[in-house]
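By convention in this document, chain letters (A, B, ...) are assigned in the order of the sequence lines, proteins followed by strands, and residues within each chain are numbered from 1.
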Number of protein chains: 2
Amino acid sequence: MAPLFGFEVLHRDSGSRARRGVIHTAHGNVATPVFMPVGTAGAVKAMPGEFLEELDARIILANTYHLYLRPGHERIERLGGLHEFMSWNGAILTDSGGYQVFSHRELRSIREEGVQFRSHIDGSSNFFTPESVIDIQRALGPDIAMVFDDCTPYPSGYVDAEASMERSMRWAVKCRDQWRKTEDGSRGLFGIVQGGVYPELRKRSVEALLDLDFSGLAIGGLSVGEPKDLMHETVDATAPLLPWDRPRYLMGVGTPGDLIRSVAMGIDMFDCVLPTRNARNGCLFTSQGRLLIKNSIYAEDQDPPDPNCSCRICKKYSRAYLRHLFLSGEHLSAVYNTLHNLTFYLDMMRKIRDAIELDNFGKLYEQVEKGSG
Amino acid sequence: MAPLFGFEVLHRDSGSRARRGVIHTAHGNVATPVFMPVGTAGAVKAMPGEFLEELDARIILANTYHLYLRPGHERIERLGGLHEFMSWNGAILTDSGGYQVFSHRELRSIREEGVQFRSHIDGSSNFFTPESVIDIQRALGPDIAMVFDDCTPYPSGYVDAEASMERSMRWAVKCRDQWRKTEDGSRGLFGIVQGGVYPELRKRSVEALLDLDFSGLAIGGLSVGEPKDLMHETVDATAPLLPWDRPRYLMGVGTPGDLIRSVAMGIDMFDCVLPTRNARNGCLFTSQGRLLIKNSIYAEDQDPPDPNCSCRICKKYSRAYLRHLFLSGEHLSAVYNTLHNLTFYLDMMRKIRDAIELDNFGKLYEQVEKGSG
């Protein structure tokens, strides 16, 4: 039998709410706080699997919406599940598709039973219900599944945000019930807190989820266009309400600065397309801040992207060469930039974990805040 | 002082004109027969440098035309030359740009002094002369440079092919003279045989080049649209005329079958975009022939692309997954397919070299002929 899914807090920072922990999964232990590279279509974009393993990424995120549409969850199930399909032995978290479905506003309609939406690939009509999304994720076979939620857009008035949050909470019950029909405890199901930027609604959402005994709780509906301050305020107000003995996951966030600030507020898990998407757009994260590789000042710059980085790219290639690859439209530009950016993110998370353990987190916080905002 | 450029024939096959040799360069020895992966813009497309080293590729080709236009040969020279720029410690051969300039027929005009052409990037007007092309290559700093030639199109009548060949021969003299002004023998300059599909013209071209004492000779102007048989006949008629103690390079060729046939005719060096370009188009070379990965028959095929291949991709990924990556437009599709195809080509050349050494070439020839046409 597969080991039970679980979470332990190993150490708490003395100067903040930061925690150092470990998530136990059937595909290995994941040290937290953790950043999960985004593997939308069953592949972290432009990141060869070998390099991802070398970086010691222990968990990645895959998108239920994309995999449902292509190649199809039933096909992936027949091929042995997502781990086998993509040849990835680490842990996998699948999102519920809520964010994707709701972000195509013109392509969907919401009902109490679920959401009708059109495929961005072929325009075909599809219907997600809380139950079907659980079934799809079960077919994919992740280590952590997410409930199907109604992702409240920004801006939303209080009444709309309340109605949306309440729908998410009703759906959370359905998801939990559907999940319990088959699961044996080797995988985790996370609930998602909604409520827009209204602390009162967030609080009510957390209370509703606490009753449902999820393996972890996520803060959803942020990083959807709201001002940065409002995002941080919402995390700051919501995180302390979450049970301390379960992983806390801030969805879709963010910059290096966002990550360390959120860790200080007690968040354990993150995912974001920023390091991978920015890489493809030629934006490199470095210890000195962001570097736009196409800038002409780098045309004959023989320094590595980040002199303080130990990744394969910084050991081998110059800014001048990476600029040339970007301007020439080479596939390798995306590959090299992605490898660097993910190294930067995962190294930063490693430093954060080490700092929490050594009660040195406050100092690191200041450094990162200064460097990469 | 850098070691002298040189070539040795180590062993000759008893049943054909195939030779096993070694090219000595300032960036290492290159075992022949050799296939040179094409690194057009200073990068083998979609092939991370680490993987290329792991494959034991000892020499790659880079395109003078492309690097002249972007980032510019003077910039590369200021950055320490092409090896330093692209962080490649193996040998490099640069073509002369002749093929590229002549293949944009609507963008160029030929004069005795050289060729006026428009950049495919920004439409700017440029002029290549035999002398300037040598200077450009000197700035790039390859281990092997090529003379600037008038690449005769197919079809060409005898008179046109003759005039074109004779121009190439006059240019070859100019290139040789320009080269000798600075070179110390650590790098090689190769002449290029032209003459279309006319054995008589090819013979005269070889004779003209023999007088010029090049480090090696190439057969150019093939794989430009002529029927396959005519290509093989031309190689078969031309190769024996080339000096046996210099490397013989068949430019721009070809399929696995073309390569082994040409080795049997005495060719030592090859380059071709086929393995890399086909990879990006989802065409995989395998021991059972070509495999078009997008075909629906592979949708749930859990076999590796080629069960007889030992590359990272065949050890790790299924046809079903590679098909999914291709259909999803993932950068990784190009990366993984390229790694496989280059492994196939380089492994085949390794087998060819081993077979020649062991007097077993005839048997391998039959196998490859049967397998991959």
Side-chain angles (χ1 to χ4, degrees), chain A residues 39-54 66-67 69-72 74-80 82 84-89 121 276 279-280 299-302 304 312-313 315-325 327-336 338-339, chain B residues 39-54 66-67 69-72 74-80 82 84-89 121 276 279-280 299-302 304 312-313 315-325 327-336 338-339:
Chain A
T40 301
V44 176
K45 284 191 192 303
M47 185 72 176
E50 285 76 6
F51 291 156
L52 202 57
E53 286 166 17
E54 197 177 86
H66 290 87
L67 293 170
L69 291 178
R70 184 171 59 198
E74 287 164 335
R75 170 162 293 163
I76 289 180
E77 186 172 30
R78 284 191 297 271
L79 289 165
L82 190 52
E84 174 80 17
F85 178 60
M86 62 184 289
S87 196
W88 172 253
N89 287 320
I121 300 172
T276 41
R280 299 195 301 282
E300 300 193 3
D301 187 336
Q302 292 187 286
R312 283 173 176 275
I313 304 311
K315 275 192 279 191
K316 197 169 168 94
Y317 300 112
S318 66
R319 293 169 181 174
Y321 184 62
L322 295 176
R323 176 177 185 266
H324 168 67
L325 293 182
L327 293 180
S328 300
E330 293 283 330
H331 285 288
L332 284 181
S333 173
V335 174
Y336 290 173
T338 300
L339 175 53
Chain B
T40 302
V44 176
K45 285 192 192 300
M47 184 71 177
E50 285 74 8
F51 291 156
L52 202 57
E53 287 166 15
E54 196 177 85
H66 290 87
L67 294 170
L69 291 177
R70 184 172 56 198
E74 288 165 333
R75 171 162 290 163
I76 289 179
E77 186 172 31
R78 284 192 296 272
L79 290 166
L82 190 51
E84 175 79 18
F85 177 60
M86 62 183 290
S87 197
W88 172 251
N89 287 320
I121 299 170
T276 41
R280 300 195 299 283
E300 299 193 4
D301 187 336
Q302 291 188 287
R312 283 174 175 276
I313 305 311
K315 274 190 281 191
K316 198 170 165 93
Y317 301 113
S318 67
R319 293 169 179 174
Y321 184 63
L322 294 176
R323 176 176 187 267
H324 169 67
L325 293 182
L327 293 180
S328 302
E330 293 283 328
H331 286 286
L332 283 181
S333 173
V335 174
Y336 290 171
T338 299
L339 175 53

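Of the atoms belonging to B/Leu79, heavy atoms from both backbone and side chain fall under 4.5 Å from chain A. Heavy atoms closer than 4.5 Å to chain A are found in both the backbone and the side chain of B/Glu300. Using a 4.5 Å cut-off between heavy atoms, B/Leu67 contacts chain A through its side chain alone, with no backbone atom that close. Only the side chain of B/Ala334 comes within less than 4.5 Å of a heavy atom in chain A; its backbone stays farther off.
For the set B/Tyr336, B/Tyr321, B/Tyr317, the count of heavy-atom pairs under 4.5 angstrom toward chain A peaks at B/Tyr321. With chain A as partner, the option from B/Arg280, B/Lys316, B/Lys45, B/His66 having the largest number of non-hydrogen pairs under 4.5 angstrom is B/Lys316. Among the candidates A/Ser318, A/Ala320, A/Ala46, the residue making the largest number of heavy-atom pairs closer than 4.5 Å to chain B is A/Ala46.
Annotation: side-chain hydrogen bond (donor to acceptor under 3.5 Å, both in side chains) contacts of A/Thr40 (sequence neighbours excluded): A/Asn63. Partners of B/Ala279 under the side chain to side chain contact (heavy atoms under 4.5 Å, CB included) rule, at least two apart in sequence or in another chain, are B/Asn337, B/Thr338, B/Asn341.
Atom-to-atom distance recorded for A/Ile313:CD1 and B/Ser87:OG is 9.5 Å, nearest 0.5 angstrom. Taking CE from A/Met86 and CG from B/Leu332, the interatomic distance works out to 9.0 Å, rounded to the nearest 0.5 Å.
The 12-atom threshold is exceeded at CD of B/Glu54, counting heavy atoms of other residues, nucleotides or ligands nearer than 6.0 Å. Annotation: B/Glu53, atom CD; neighbour count of heavy atoms from other residues, nucleotides and ligands within 6.0 Å is above 12.
Remark: side-chain polar atoms of A/Arg70 are paired, donor with acceptor, to backbone N or O of B/Leu327 under 3.5 angstrom. Looking at A/His331, its side chain never comes within 3.5 Å of a backbone N or O of B/Ser333 through a donor-acceptor pair.
With a 4.5 Å cut-off on side-chain heavy atoms, B/Arg75 and A/His324 do not count as touching.
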